[in-house]
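What you see is a predicted model, and the numbers here were worked out from it, not measured in a lab. Every chain is numbered from 1 and lettered A, B, ... according to where its sequence line falls, protein lines coming before strand lines.
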Amino acid sequence: ETGVTQSPTHLIKTRGQQVTLRCSSQSGHNTVSWYQQALGQGPQFIFQYYREEENGRGNFPPRFSGLQFPNYSSELNVNALELDDSALYLCASSLYQGPDTQYFGPGTRLTVL
Amino acid sequence: KQEVTQIPAALSVPEGENLVLNCSFTDSAIYNLQWFRQDPGKGLTSLLLIQSSQREQTSGRLNASLDKSSGRSTLYIAASQPGDSATYLCAVSKTSMKTSYDKVIFGPGTSLSVIP
């Protein structure tokens, strides 16, 4: 177990709705990254937060947004859900000043109908 | 544009066999390469990380090699066990992940089944 938790485990939404996914980082880790993993594919980087600010972003539209809190927990928000947003969403925590090792949570499976 | 492929997509072997998983990447200008394991319903677990200046890394029954010039990495699993059944993904990074996570490119993974 990595100590990174995510909630909820599964979620079903309809097209056009909004969703919030949550992540609790491993103790002491100050950096969190979010990934989208479609079925049968590798994860794609969405964005990274460090010290409560976005520190890097992948090729995702602005309707994907995030927050990082002082306790280093984090949220991923997706507005105007589309069918293609159905995927496993993974968060990963790391120590910015540490090695290039990320600790992944178990993911949230989002289904958009 | 960096592309990462993994062959085979799926592999089934009897327990005790040694096996090799392959990862290929199109741009040899990488900073490091990682191998991950993903169990069903769980996140990724980092297995081995190879810096671009290294040729291989070993951890227990796992050995990963890197040949930047040919754009290839292999993950060797010795004496496979049913507990090794999982999806194995490789990921290449163009820069340090601390500065540019968007440059981390994952392969699609190889699904491994080890039959008792």
Side-chain angles (χ1 to χ4, degrees), chain A residues 1-10 21 23-26 29-51 54-60 64 66 87-109, chain B residues 1-10 21-25 30-54 57 59 73 75 86-111:
Chain A
E1 295 298 325
T2 63
V4 180
T5 60
Q6 292 186 243
S7 63
T9 304
H10 297 89
L21 310 181
C23 172
S24 178
S25 298
Q26 183 157 313
H29 282 183
N30 54 16
T31 303
V32 65
S33 301
W34 285 89
Y35 294 83
Q36 180 194 67
Q37 186 177 21
L39 200 61
Q41 297 181 22
Q44 282 193 298
F45 173 74
I46 303 175
F47 45 55
Q48 178 193 51
Y49 275 79
Y50 169 61
R51 288 187 174 179
E54 189 177 290
N55 188 45
R57 189 176 186 92
N59 190 27
F60 281 82
F64 285 78
L88 180 68
Y89 289 85
L90 298 162
C91 76
S93 75
S94 59
L95 190 58
Y96 192 81
Q97 300 86 347
D100 286 336
T101 302
Q102 298 180 84
Y103 296 87
F104 283 81
T108 293
R109 172 72 62 185
Chain B
K1 178 185 174 184
Q2 179 72 277
E3 293 184 1
V4 181
T5 56
Q6 292 187 243
I7 295 174
L21 307 181
N22 298 291
C23 172
S24 297
F25 46 96
I30 65 171
Y31 181 78
N32 62 35
L33 182 146
Q34 285 197 58
W35 282 94
F36 291 87
R37 168 183 173 142
Q38 186 172 27
D39 293 284
K42 296 189 178 180
L44 280 66
T45 301
S46 179
L47 298 173
L48 291 165
L49 183 150
I50 311 176
Q51 299 291 352
S52 62
S53 58
Q54 298 175 320
Q57 283 286 335
S59 176
S73 175
L75 178 66
T87 297
Y88 291 81
L89 300 101
C90 68
V92 298
S93 176
K94 193 173 180 65
T95 66
S96 168
M97 290 182 181
K98 289 176 290 201
T99 57
S100 189
Y101 274 89
D102 60 310
K103 299 299 189 293
V104 179
I105 308 296
F106 282 84
T110 292
S111 178

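- Of the atoms belonging to A/Gln6, not a single heavy atom falls under 4.5 Å from chain B.
- Nearest heavy atom pair, residue B/Gly43 against residue A/Leu90, reads CA-CD2, 3.9 Å.
- Remark: B/Phe106 CZ to A/Tyr35 OH distance equals 5.0 Å, nearest 0.5 Å.
- Atom-to-atom distance recorded for B/Thr87:OG1 and A/Gln37:CD is 8.5 Å, nearest 0.5 angstrom.
- Heavy atoms of A/Ile46 lying under 4.5 Å from chain B are absent altogether.
- Only the side chain of B/Gln38 comes within contact range of chain A, judged by heavy atoms closer than 4.5 Å.
- For the set A/Ala38, A/Gly42, A/Gly40, the count of heavy-atom pairs under 4.5 angstrom toward chain B peaks at A/Gly42.
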